[in-house]
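Data block below; observations after.
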Amino acid sequence: EPEVTQTPSHQVTQMGQEVILRCVPISNHLYFYWYRQILGQKVEFLVSFYNNEISEKSEIFDDQFSVERPDGSNFTLKIRSTKLEDSAMYFCASSEVRDSGYTFGSGTRLTVV
Amino acid sequence: GESVGLHLPTLSVQEGDNSIINCAYSNSASDYFIWYKQESGKGPQFIIDIRSNMDKRQGQRVTVLLNKTVKHLSLQIAATQPGDSAVYFCALASPGYSTLTFGKGTMLLVSP
């Protein structure tokens with residue numbers, strides 16, 4: 001069964017450092033998403049991406065965040081200057097159409113120290 | 001804005017019992033609803049979905065019921081197994097939006 005692949009599975013970084021979280025969406029999917037889940041809390045939407053541009057973003061997705069599809073397979077989330085409160089599980093998801101069939105990756109656990 | 005809530009944070013059942021997990025939502029414009037299962041250290045795994053033009057949908061051992069009048073969604077798991085132990089989230093989307101709003105999650109604990 002096709003799956004969304006995320007790397008690394010766990011990233012530890014110092015406060016103020018930049019991190020890039022990587023995702024390989026399902027190959028025929030056109031819509032890409034990042035969500036995050038702070039420990040013990042619900043999954044929160046960050047951003048959606050379609051046709052090489054951001055289509056929607058939440059208020060969490062401020063200027064320190066950016067997304068990119070650098071080639072035909074990868075989808076990345078960059079956090080420019082990490083803060084302690086950025087510690088969370090970050091999930092990438094993709095879908096073939098806009099409003100159904102979301103498939104989530106296994107996540108990257110980001111720990112900011 | 002939208003909010004999604006769950007009635008019970010933890011549900012403990014015996015193996016073989018039927019489980020019911022509930023979810024309330026506030027945005028009456030929501031038209032697409034999904035139940036996800038999340039095991040420890042993993043991402044949300046799709047279980048079943050339903051659109052607002054339906055009130056019931058069945059899958060393998062699972063049934064989703066949608067009551068739009070009271071804005072309530074439930075997931076029924078028949079003959080619950082230890083492997084069903086996980087956190088279950090409801091999520092919803094509204095027309096014109098590709099984003100999902102998730103509930104807080106209910107932990108299902110199945111005892112053998």
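We name chains A, B, ... by the order of the sequence lines, and we start the count at 1 in each one. These numbers come from the heavy atoms of this one structure, side chains and all, not from hydrogens, waters or symmetry mates.
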Query raised in the report: Are A:Leu77 and A:Ile60 in one and the same hydrophobic cluster, where Ile, Leu, Val, Met, Phe, Trp and Tyr link if side-chain heavy atoms are under 4.5 Å apart?
Result: yes
Please report, to 0.1 Å, the donor-acceptor pairs under 3.5 Å made by any side chain of residues 46-56 of chain B, with sequence neighbours excluded.
unit_1, atom_1, unit_2, atom_2, d
B:Asp49, OD1, B:Arg57, NH1, 2.3
B:Asp49, OD2, B:Tyr32, OH, 2.6
B:Arg51, NH2, A:Asp99, O, 3.2

Distance-only donor-acceptor hits, side chain of residues 17-31 of chain A, under 3.5 Å, sequence neighbours excluded:
unit_1, atom_1, unit_2, atom_2, d
A:His29, ND1, A:Ser94, O, 3.4
A:His29, ND1, A:Ser94, OG, 2.7
A:His29, ND1, A:Ser95, N, 3.3

Query raised in the report: Going hydrophobic residue to hydrophobic residue with side-chain gaps under 4.5 angstrom, can you get from A:Tyr102 over to B:Val87?
Result: yes
**Report entry** Student check: side-chain heavy atoms of A:Val43 and B:Tyr36 closer than 4.5 Å
**Finding:** no
Requested in this report: Report yes or no: do B:Leu92 and B:Ile21 belong to one cluster of Ile/Leu/Val/Met/Phe/Trp/Tyr joined by side chain heavy-atom distances under 4.5 Å?
Outcome: yes
Report summary line: Here the gap from B:Leu100 atom CG to A:Tyr35 atom OH, rounded to the nearest 0.5 Å, amounts to 3.5 Å
Query raised in the report: What parts of residues 104-112 of chain A touch chain B if we use heavy atoms and a cut-off under 4.5 Å?
Result: A:Phe104, A:Gly105, A:Ser106
Query - Side chain proximity check, B:Lys42 to A:Phe91, heavy atoms < 4.5 angstrom - result: no
Query raised in the report: Would you find more than 12 non-hydrogen atoms of other residues, nucleotides or ligands less than 6.0 Å from A:Leu39 atom CG?
Result: no
Query raised in the report: If you group Ile, Leu, Val, Met, Phe, Trp and Tyr by side-chain heavy-atom gaps below 4.5 Å, do B:Val62 and B:Leu73 land in one group?
Result: yes
Query raised in the report: Is the number of heavy atoms from other residues, nucleotides or ligands under 6.0 Å of A:Gln14 CD greater than 12?
Result: no
Query - From A:Gln37 atom CD to B:Phe89 atom CZ, the distance as rounded to the nearest 0.5 Å - result: 4.5 Å
Requested in this report: Name, in order of residue number, those residues of residues 44-51 of chain A that have a heavy atom at a distance of less than 4.5 Å from a heavy atom in chain B; otherwise write 'none'.
Outcome: A:Phe45, A:Ser48
Query - Under 4.5 Å from a heavy atom of chain A, the part of B:Gln38 involved - result: side chain
Query raised in the report: When you look at CG of A:Asp63, are more than 12 heavy atoms from neighbouring residues, nucleotides or ligands closer to it than 6.0 Å?
Result: no
Query raised in the report: Taking a hydrophobic cluster as the set of Ile, Leu, Val, Met, Phe, Trp and Tyr residues connected by side-chain heavy atoms closer than 4.5 Å, whether directly or through intermediates, do B:Leu11 and B:Leu65 fall within one such cluster?
Result: no
